There are 2 protein chains.
Amino acid sequence: MSATPRKDLAAMIVPLGRALAAAEVPLLREHGLTMWAYTVLLGLGEQPLRSQAALAEAIGADKTRIIEVLADLDDRGLITRTPDPADRRVRLLALTPEGRRVRGAAQAAIQARENALLARHLPPTLRAPFLEALTTLSTLPPDSLTDPTP
Amino acid sequence: MSATPRKDLAAMIVPLGRALAAAEVPLLREHGLTMWAYTVLLGLGEQPLRSQAALAEAIGADKTRIIEVLADLDDRGLITRTPDPADRRVRLLALTPEGRRVRGAAQAAIQARENALLARHLPPTLRAPFLEALTTLSTLPPDSLTDPTP
DNA sequence: CAGGTTAGTACGCATGTGCTTATCGTGTGC
DNA sequence: GCACACGATAAGCACATGCGTACTAACCTG
């Protein structure tokens, strides 16, 4: 049975995530972005998003906290917040071309760094399976990891 | 070149880590442990550890913050803090048998849950490579992920 | 022995974040 | 039309965490 003596998954993953996130910060700074701003830009995909609450939900942020982030990004012309004509309570969120450019530039820098890191530290045969497994796990619905769901 | 359109590593790993850590909390509670207490028990391996500062460093905690955790674990008989006869300023930290038992029980519960989770969500061919890659990355020196180190 | 250093401890401050409440404009159901 | 619901916003509280300071006991150097 307990044939695999190893550390806990979380004990390995959490520090790894911390380190990767910490490594991103300076790169984001060079592009004038905070982590939250970058997260918002990533959360705004290609299609405009309806309502800030939906965005907050999607990126796991507090809806009262991203307001200033959104206001800042709006001021700087990276996103637009236009009232929905159909329901003027909600704001339609969309990337501007400039926002798309900045997001792309930041992401390119980050992923280039990450790829170099994987190339340096991970044996070639492990890279693809690792990324695939990671993608699989990260696209699961949020509670399939938290619930025991038998 | 940019042949792999994917999310950032950190964008996948960090939420995953959060979810896994959140899933641990209730299990730890059942064993009377907080996350920090559990981290301390994991940090105290088989050999006793010299000095609390070393422990804090090892588990990435603030040395002024784990004091009460250590005091609590000591009070509950899960660890011992004995002054080093050679240098009575430093405390030798060690697991008691009971501490070892509790740590083992908690870890067994956690890993059983994690294994079930992997079995449910990850194709069999990906499991071993995923764990191996994760182990590799998580045993790297902390700054090899943060530094660009050329 | 005197002065400087270190480990452990306690305390306070600043920050980030989650959660709650209040307000305002807008929509919707009765 | 009016009461209630909802989205966005602002303000405040609570808690965890990181960081710095101060104090004590012990060690070490000269």
Side-chain angles (χ1 to χ4, degrees), chain A residues 10 14-15 17-19 21-22 24-25 28-29 33-40 43-44 48-75 79-94 142-143 146, chain B residues 10 14-15 17-19 21-26 28-29 33-40 43-44 48-75 79-94 142-143 146:
Chain A
V14 171
R18 265 195 244 281
E24 283 191 5
V25 173
L28 290 174
R29 270 194 64 81
L33 295 175
T34 64
M35 183 62 79
W36 276 120
Y38 181 59
T39 306
V40 164
L44 294 179
L49 202 63
R50 198 190 137 80
S51 119
Q52 308 184 174
L55 172 65
E57 164 89 21
I59 64 178
D62 190 298
K63 76 181 182 320
T64 74
R65 298 269 163 191
I66 55 170
I67 292 179
E68 53 184 338
V69 179
L70 293 173
D72 178 56
L73 290 173
D74 194 355
D75 288 347
I79 66 169
T80 56
R81 283 184 299 177
T82 55
D84 183 350
D87 181 345
R88 294 201 312 284
R89 290 175 303 182
V90 317
R91 311 288 188 91
L92 299 177
L93 304 172
D143 29 342
T146 314
Chain B
V14 171
R18 266 195 244 282
E24 284 191 5
V25 173
L28 290 175
R29 269 194 65 82
L33 296 176
T34 64
M35 183 61 79
W36 276 121
Y38 181 60
T39 306
V40 164
L44 294 178
L49 201 64
R50 199 191 135 80
S51 118
Q52 307 184 175
L55 173 65
E57 163 88 22
I59 64 178
D62 190 300
K63 76 180 180 325
T64 75
R65 298 273 161 190
I66 55 170
I67 293 179
E68 54 184 336
V69 179
L70 293 174
D72 177 56
L73 289 173
D74 193 354
D75 289 346
I79 66 170
T80 56
R81 282 183 300 178
T82 56
D84 183 350
D87 181 346
R88 296 202 310 285
R89 288 175 304 179
V90 317
R91 311 287 188 90
L92 299 177
L93 304 173
D143 29 345
T146 314

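Since the structure is predicted, the reported quantities are computational estimates derived from the model, not experimental observations. Only heavy atoms go into these numbers, but all of them, side chains included; no hydrogens, no water, no symmetry mates.
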Starting at [atom1] of [X] and ending at [atom2] of [N], how long is that distance when rounded to a whole Å?
X: A:L73; N: D:dA8; atom1: CG; atom2: P; result: 16 Å
X: B:R50; N: C:dT6; atom1: CZ; atom2: C1'; result: 11 Å
X: A:L92; N: D:dA8; atom1: CG; atom2: C1'; result: 13 Å

Practice problem: Mark up nucleotides 9-17 of chain C, 5' to 3', with B wherever a protein heavy atom is under 4.0 angstrom from a base atom, S wherever such an atom reaches only the sugar-phosphate, and - elsewhere. | Solution: BBBBB---B
Practice problem: Identify which one of A:I79, A:T34, A:L93 satisfies the side chain to side chain contact (heavy atoms under 4.5 Å, CB included) criterion when paired with A:L73. | Solution: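 Of the listed residues A:I79, A:T34, A:L93, the side chain to side chain contact (heavy atoms under 4.5 Å, CB included) partner of A:L73 is A:I79.
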Kindly compute the distance separating [atom1] ([X]) from [atom2] ([Y]), expressed to the nearest 0.5 Å.
X: B:L49; Y: B:E57; atom1: CG; atom2: CD; result: 11.0 Å
X: A:D87; Y: A:R50; atom1: CG; atom2: CZ; result: 5.5 Å
X: A:L70; Y: A:D75; atom1: CG; atom2: CG; result: 11.0 Å
X: B:R91; Y: B:D84; atom1: CZ; atom2: CG; result: 11.5 Å

On a heavy-atom basis, which atom in [X] and which in [Y] lie closest, and how many Å separate them?
X: A:A61; Y: A:I66; result: CB-CG2, 3.5 Å
X: B:V14; Y: A:A21; result: CG2-CB, 4.4 Å
X: B:E24; Y: A:A10; result: OE2-CB, 3.2 Å

Detail all sub-3.5 Å separations between protein N/O atoms and N/O atoms belonging to nucleotides 25-27 of chain D.
{"from": "D:dC27", "atom 1": "OP1", "to": "B:R88", "atom 2": "N", "distance (Å)": "3.0"}

